[in-house]
A.B. asks: 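What follows is a single structure, and I will ask about it in a moment.
The structure displayed is predicted, hence computed values, not measured ones. Here is the naming used below: chain letters follow the sequence lines, and residue numbers restart at 1 for every chain.
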2 protein chains.
Amino acid sequence: MTTTGFEGDQIRMAEQRNTSKRAPRKQGTTRRRLSPEDREKEIVSGAIEFFARHGFEATTRHLAHELGITQPLLYRYFPSKEVLVERVYDEVFMQRWRPEWEGLILDRERPLKERLTTFYSAYADAVYDFVWVRIFVFSGLKGIDINGRYLAIIREKVLEPVCRELRHAQGLPDVDRIPLSEEEIELAWNLHGAFFYRAIRRYVYTMPVIASDEQAIANDVSIFVEGARKVQRQLIENGTATVSQREWVQ
Amino acid sequence: MTTTGFEGDQIRMAEQRNTSKRAPRKQGTTRRRLSPEDREKEIVSGAIEFFARHGFEATTRHLAHELGITQPLLYRYFPSKEVLVERVYDEVFMQRWRPEWEGLILDRERPLKERLTTFYSAYADAVYDFVWVRIFVFSGLKGIDINGRYLAIIREKVLEPVCRELRHAQGLPDVDRIPLSEEEIELAWNLHGAFFYRAIRRYVYTMPVIASDEQAIANDVSIFVEGARKVQRQLIENGTATVSQREWVQ
DNA sequence: CATATTATTTATCATATGATCAACAGCGGC
DNA sequence: GCCGCTGTTGATCATATGATAAATAATATG
């Protein structure tokens, strides 16, 4: 009646972990003793996967159980759950942005569609990822400021460049002459949203999503570059992109 | 040292609620006695807002506190937290889809851009909403099946119609002759993703998002209808929309 | 092989949380 | 104005959870 459901599971868990990657333990009862560095790495990578799956409200006991260790051991390596969670944030968010990506958008030697497809494909390699997407959404819901900081980078390194290059591609005035408006930035969010919503469908809604990301991204880009021309031009000329009733008819 | 931090707060909370909408209580100490129907309504609507804000892991004590009632009272109206949460799901998801929306997309008397803008604007009235977006994302992360069921409706009532109407608008063969492929449905997700990601930025990331939804939606639609033509045609003709290297150059 | 070091575990604490029940008190009927 | 019904609360329970400390055992060193 008063069973916690954990006592006997340790051996089972240990065996389970062995099937994945760790050195095989001769007997399920033997204690595994790692160097502090290795243990910490195991805890952090396990915590990342664990919190990505279950959210940050999930318990340290549950995490320890999944790691095949006891709960107090976590406190040998991290003074509190909060610190461990901070570490997970850092590990997932830090250095996730690769500076070389920026160049992919800006290289005017290549046609814009190709550049954007190349960029978003490279970006997808890093970001179409269970851990990344879920941690990002979890922390967003929780109101962590890390989201805002990351999205500021996206704005500076992706959205604004996309607007500038789209202007250049169709011979519109430079941002020096007519600065980017919020409405124009919102256009770039169109592409970015279509791109990232695919990841949300896959990893937040756990829907089966079409296999070829390359293909889908190329289509996103094509739709955007073809479709945004007219809107961007209107936006710059009129200061608004309101489509007159006449224009509905095309 | 052993304080729970709740004892004295009840009066304060009661006062706080009074500022919002409830009948003013002459004395902060008096007990408020409602009819079961009214009390239940208060609890449900309070729970919706509360869980949307804090997630479903948030505690019944915290909820009761915010409602200005004591925690045991919740159990007079709901046998368990789980049942209350179920009720919140039902309340938020049920009858959220308005059948008349479907007609907005299908009315071939009007140009497609106008139809889609009208539809997505109407849909935004219901769905660009703090509670809706966050509950949807929370339940998605939690793996609740309600998401999948809702998205099946979206597919049937929005994505497939959008594909059909886009075909019709540019004289492509009917779905009777060439059925919709997953790739083609993925095109419609482009528009839907751009649309819904705006809500995610606003209510999940809590970013300041541009004011005029009407405007932004009209732009989304314009980009999509203008941009998706070529891709859809290629998709149907070639069975794939792979853009040849030559075509990059436009 | 004996011993010291320390990674890991067992036992435990304080508080938090879902849930229950008897006591209290607002409100309608007489 | 008193009384009974019942909406509401205070007290409490069992378990869960973050955190701590002492006991145990794996590994290195001599």
A.B. asks: To the closest 0.5 Å, what do you measure between CZ (A/F51) and CZ (A/R134)?
C.D. replies: 13.5 Å
A.B. asks: Between atom NE2 in A/H62 and atom P in D/dG18, what is the gap in whole Å?
C.D. replies: 12 Å
A.B. asks: Calculate the interatomic distance between B/L34 atom CG and C/dA25 atom P; express it in whole Å.
C.D. replies: 18 Å
A.B. asks: Does A/T60 put a side-chain nitrogen or oxygen below 4.0 Å from OP1 or OP2 of D/dG18?
C.D. replies: yes
A.B. asks: Are the side chain of A/R96 and the backbone N or O of A/A126 linked by a donor-acceptor pair below 3.5 Å?
C.D. replies: yes
A.B. asks: I'd like to know if B/R39 reaches the base of D/dG7 with its side chain such that a donor and an acceptor end up less than 3.5 angstrom apart.
C.D. replies: no
A.B. asks: Mind calculating the distance between NZ (B/K81) and P (D/dT15) to the nearest angstrom?
C.D. replies: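 Interatomic distance, NZ of B/K81 to P of D/dT15: 19 Å.
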A.B. asks: If I take atom CD1 in residue A/I69 and atom P in nucleotide C/dT10, what distance separates them, rounded to the nearest angstrom?
C.D. replies: 12 Å
A.B. asks: Quick one: A/E57 CD to D/dG18 C1', roughly how many Å, whole number?
C.D. replies: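 The answer, rounded to whole Å, is 13 Å.
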A.B. asks: Checking A/D220 side chain against A/L191 main chain: does a donor-acceptor pair fall under 3.5 Å?
C.D. replies: no
A.B. asks: Within this structure, what is the OG1-CZ distance for the pair B/T60 and B/F50, rounded to the nearest 0.5 Å?
C.D. replies: 8.5 Å
A.B. asks: Please tell me which of B/F56 and B/R33 maps to the more 5' nucleotide of DNA chain C, matching each residue to the nucleotide holding its nearest heavy atom.
C.D. replies: B/F56
A.B. asks: Looking only at side-chain N and O atoms, does A/E214 offer a donor or acceptor that is under 3.5 Å from a partner on A/S212?
C.D. replies: no
A.B. asks: Can you tell me the distance, in whole Å, between the NE2 atom of A/H65 and the P atom of D/dA16?
C.D. replies: 14 Å
A.B. asks: Using a heavy-atom cut-off of under 4.0 Å over every strand shown, decide if A/S35 touches base, sugar-phosphate, or nothing.
C.D. replies: nothing
A.B. asks: Rounded to whole Å, please give me the gap between CD in A/E37 and C1' in D/dT27.
C.D. replies: 14 Å
A.B. asks: If we count only N and O atoms by modelled type, under 3.5 Å, do the side chains of A/Y128 and A/R202 hold a donor and an acceptor together?
C.D. replies: no
A.B. asks: May I ask you to check whether A/Y205 and B/F136 place their ring centres under 6.0 Å from each other?
C.D. replies: yes
A.B. asks: Which ones in residues 71-79 of chain A lie close to DNA chain C, meaning a heavy atom under 4.0 Å from one of its atoms?
C.D. replies: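 Result for residues 71-79 of chain A: A/P72, A/L73, A/R76, A/Y77, sorted by number.
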A.B. asks: Atom CZ of B/R61 to atom C1' of C/dT17: distance rounded to whole Å?
C.D. replies: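 In whole Å, C/dT17 C1' lies 6 Å from B/R61 CZ.
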